[in-house]
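Report on the structure given below.
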Amino acid sequence: MNAMVKAEGVHKSFGAAHILKGIDLEVAPREVFCLVGPSGSGKSTFLRCINHLEQINSGRLSVDGRLVGYRQKGDKLYELKDSEVAAQRRDIGMVFQRFNLFPHMTALANVMEAPMQVKGESKAVARAKAERLLDRVGLSDKANNYPSQLSGGQQQRVAIARALAMEPKLMLFDEPTSALDPELVGDVLDVMRGLAEDGMTMIVVTHEMGFAREVGDALVFMDDGVVVESGHPRDVLTNPQHDRTKSFLSKVL
């Protein structure tokens with residue numbers, strides 16, 4: 001079976017700053033894969049490379065057996081057209097730290113927008129799906145509210161529903177709870193737990209070690225652009241092998 005995500009020697013620089021220094025990892029279908037590490041270690045950059053929001057400088061990155069952003073001809077890689085990259089992105093949902101909802105649209109309209117604009121779904125089909133997804137994230141009573149009328153946790157759950165509306169095969173979460181008040185974190189993590197139970201493949205950049213331990217199937221600790229340690233979350237969190245991992249976990253656990 002193909003890995004859902006496969007990174008081989010992935011490097012990424014911004015000018016002189018070398019952010020990713022040869023990332024190798026695989027994420028299996030239906031796996032909840034957690035990325036942890038200090039700020040600036042390259043976790044979010046790696047996530048953005050997976051859906052080609054950032055271009056990698058070298059290496060290979062594929063989703064469900066297809067190269068992301070490039071096609072191979074012989075031993076050369078050729079960049080895909082914007083329209084081809086956009087088509088690849090349809091299969092990859094992304095939930096950001098800051099919810100990025102359209103402020104002038106209701107929760108329902110936010111969730112309906114991409115299926116209608118990108119997939120050409122009819123208003124009736126998109127609406128029925130959006131209502132179902134808002135119910136799934138526990139917000140059917142907020143369908144007609146605008147983002148400014150919602151708490152941060154509610155906005156983040158709308159953002160998850162919006163990503164799910166495209167029926168992705170892979171969900172990327174970039175520290176989805178770090179901008180939230182502590183009492184709102186649980187509702188968002190509950191939605192993510194439900195997705196995991198349904199078999200959604202998820203890569204989660206997180207500081208929520210309890211979630212990683214309880215829901216994660218695999219955990220990678222990154223520091224300074226490299227994978228320092230990886231394994232089952234319980235093993236890495238309770239018995240880290242590397243001094244750098246031990247030092248990090250001693251501060252966050």
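- Note on Leu108: it clusters hydrophobically with Val137, by side-chain heavy-atom contacts below 4.5 Å among ILVMFWY residues.
- Residues Met94 and Leu47 meet the side-chain proximity criterion, which asks for heavy atoms closer than 4.5 Å.
- Between Gln97 atom CD and Thr177 atom OG1 the span is 9.0 Å, to the nearest 0.5 Å.
- Contact of the Val204 side chain with the Met192 side chain is registered, since non-hydrogen atoms from C-beta on lie closer than 4.5 Å.
- Remark: the backbone N or O of Arg30 is paired with a side-chain donor or acceptor of Thr201 at under 3.5 angstrom.
- No continuous path of hydrophobic side-chain contacts links Leu195 to Ile203 [ILVMFWY only; heavy atoms under 4.5 Å].
- With a 4.5 Å cut-off on side-chain heavy atoms, His207 and Val252 do not count as touching.
- A continuous path of Ile, Leu, Val, Met, Phe, Trp and Tyr side chains, each step under 4.5 Å between heavy atoms, connects Leu20 with Val63, placing both in one hydrophobic cluster.
- Between Leu164 and Met171, the closest side-chain pair of non-hydrogen atoms falls below 4.5 Å.
- Although no hydrogens or angles enter the test, the distance criterion places a donor-acceptor pair under 3.5 Å between the side chain of Glu229 and the main chain of Gln241.
- Summarising the geometry, atom CZ belonging to Arg89 is positioned 5.5 Å from atom CG belonging to Asn51; distances are rounded to the nearest 0.5 Å.
- Linking Ile, Leu, Val, Met, Phe, Trp and Tyr residues whenever their side-chain heavy atoms come within less than 4.5 Å places Leu150 and Leu139 in a single cluster.
- Nearest heavy atoms, Asp141 versus Gly138: OD1-O, 4.1 Å.
- Considering every non-hydrogen atom in both Met112 and Ala126, the closest pair reads CG-O, 3.7 Å.
- In terms of heavy-atom proximity, Gly93 sits nearest to Ala163 at CA-CB, 4.2 Å.
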Derivation of the salt bridge (charged side-chain N to carboxylate O under 4.0 Å, His left out) call for Arg136 and Asp198: CA-CA 12 Å; Arg136 179 178 184 174; Asp198 291 347; 2.4 Å; yes

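- In terms of modelled atom types and a separation under 3.5 Å, the side chain of Lys12 and the main chain of Gln55 share a donor-acceptor contact.
- With Asn110 contributing its side chain and Phe102 its backbone, the two residues share a donor-acceptor pair below 3.5 Å.
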Step by step, work out the side-chain contact (heavy atoms from CB on, under 4.5 Å) result for Val111 and Glu131. CA-CA 9 Å; Val111 181; Glu131 287 172 345; over 6 Å; no

Audit row: Glu214, Arg193, side-chain contact (heavy atoms from CB on, under 4.5 Å) steps and yes/no: CA-CA 9 Å; Glu214 180 196 337; Arg193 256 182 217 104; 2.9 Å; yes

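- We find the CD1-CE distance between Ile92 and Met166 to be 11.0 Å, quoted to the nearest 0.5 Å.
- The distance from atom OG of Ser230 to atom CD of Glu26, rounded to the nearest 0.5 Å, is 11.5 Å.
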Using side-chain contact (heavy atoms from CB on, under 4.5 Å), reason through Phe46 and Leu25 one step at a time and then give a plain yes or no. CA-CA 11 Å; Phe46 178 66; Leu25 56 79; 3.8 Å; yes

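- Leu249 has its side chain out of reach of Phe221: every pair of non-hydrogen atoms, C-beta onward, lies at least 4.5 Å apart.
- Using modelled atom types, one side-chain atom of Asn57 and one backbone atom of Ser13 make a donor-acceptor pair closer than 3.5 Å.
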Given Lys251 and Ser247, is the side chain to side chain donor-acceptor pair (under 3.5 Å) satisfied, shown in steps? CA-CA 7 Å; Lys251 295 183 180 78; Ser247 160; 3.2 Å; yes

Quick one: do Lys129 and Glu121 satisfy side-chain contact (heavy atoms from CB on, under 4.5 Å)? Show the steps, please. CA-CA 10 Å; Lys129 185 200 288 179; Glu121 285 181 10; 2.8 Å; yes

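- Taken to the nearest 0.5 Å, the CE atom of Met209 stands 9.0 Å off from the SG atom of Cys34.
- Contact check for Arg48 versus Thr45: no side-chain heavy atoms found under the 4.5 Å cut-off.
- Among all heavy-atom pairs drawn from Leu184 and Gly153, the shortest one is CD1-N, 3.7 Å.
- Test Arg244, Lys43, His242 against Asp223 for side chain to side chain donor-acceptor pair (under 3.5 Å) and you get one pass: Arg244.
- No donor-acceptor distance shorter than 3.5 angstrom exists from the side chain of Lys73 to the backbone of Tyr78, with no hydrogens or angles considered.
- For Asn239, the CG atom is densely surrounded, since the number of other residues' heavy atoms within 6.0 Å is greater than 12.
- In this structure, His52 and Leu61 have side chains that are not in contact, with every pair of non-hydrogen atoms separated by 4.5 Å or more.
- For Leu134 against Ala161, the heavy-atom pair with the smallest separation is CD2-CB, 4.3 Å.
- Under a 3.5 Å cut-off, the side chain of Asp24 and the backbone N or O of Gly9 do form a donor-acceptor pair.
- A cation-pi arrangement is not found for Arg60 relative to Tyr70, the charged atom failing to lie both closer than 6.0 Å to the ring centre and inside a 45° cone about the ring normal.
- For the residue pair Ser44 and Asp174, the shortest heavy atom distance occurs at OG-OD1, 2.7 Å.
- Under the 4.5 Å side-chain heavy-atom criterion for Ile, Leu, Val, Met, Phe, Trp and Tyr, Leu219 and Phe173 are members of distinct hydrophobic clusters.
- Remark: side-chain polar atoms of Gln88 are not paired, donor with acceptor, to backbone N or O of Arg90 under 3.5 angstrom.
- Atom CG of Leu172 is separated from atom CZ of Phe33 by 12.0 Å, given to the nearest 0.5 angstrom.
- Val95 has its side chain within reach of Gln156: a pair of non-hydrogen atoms, C-beta onward, lies under 4.5 Å apart.
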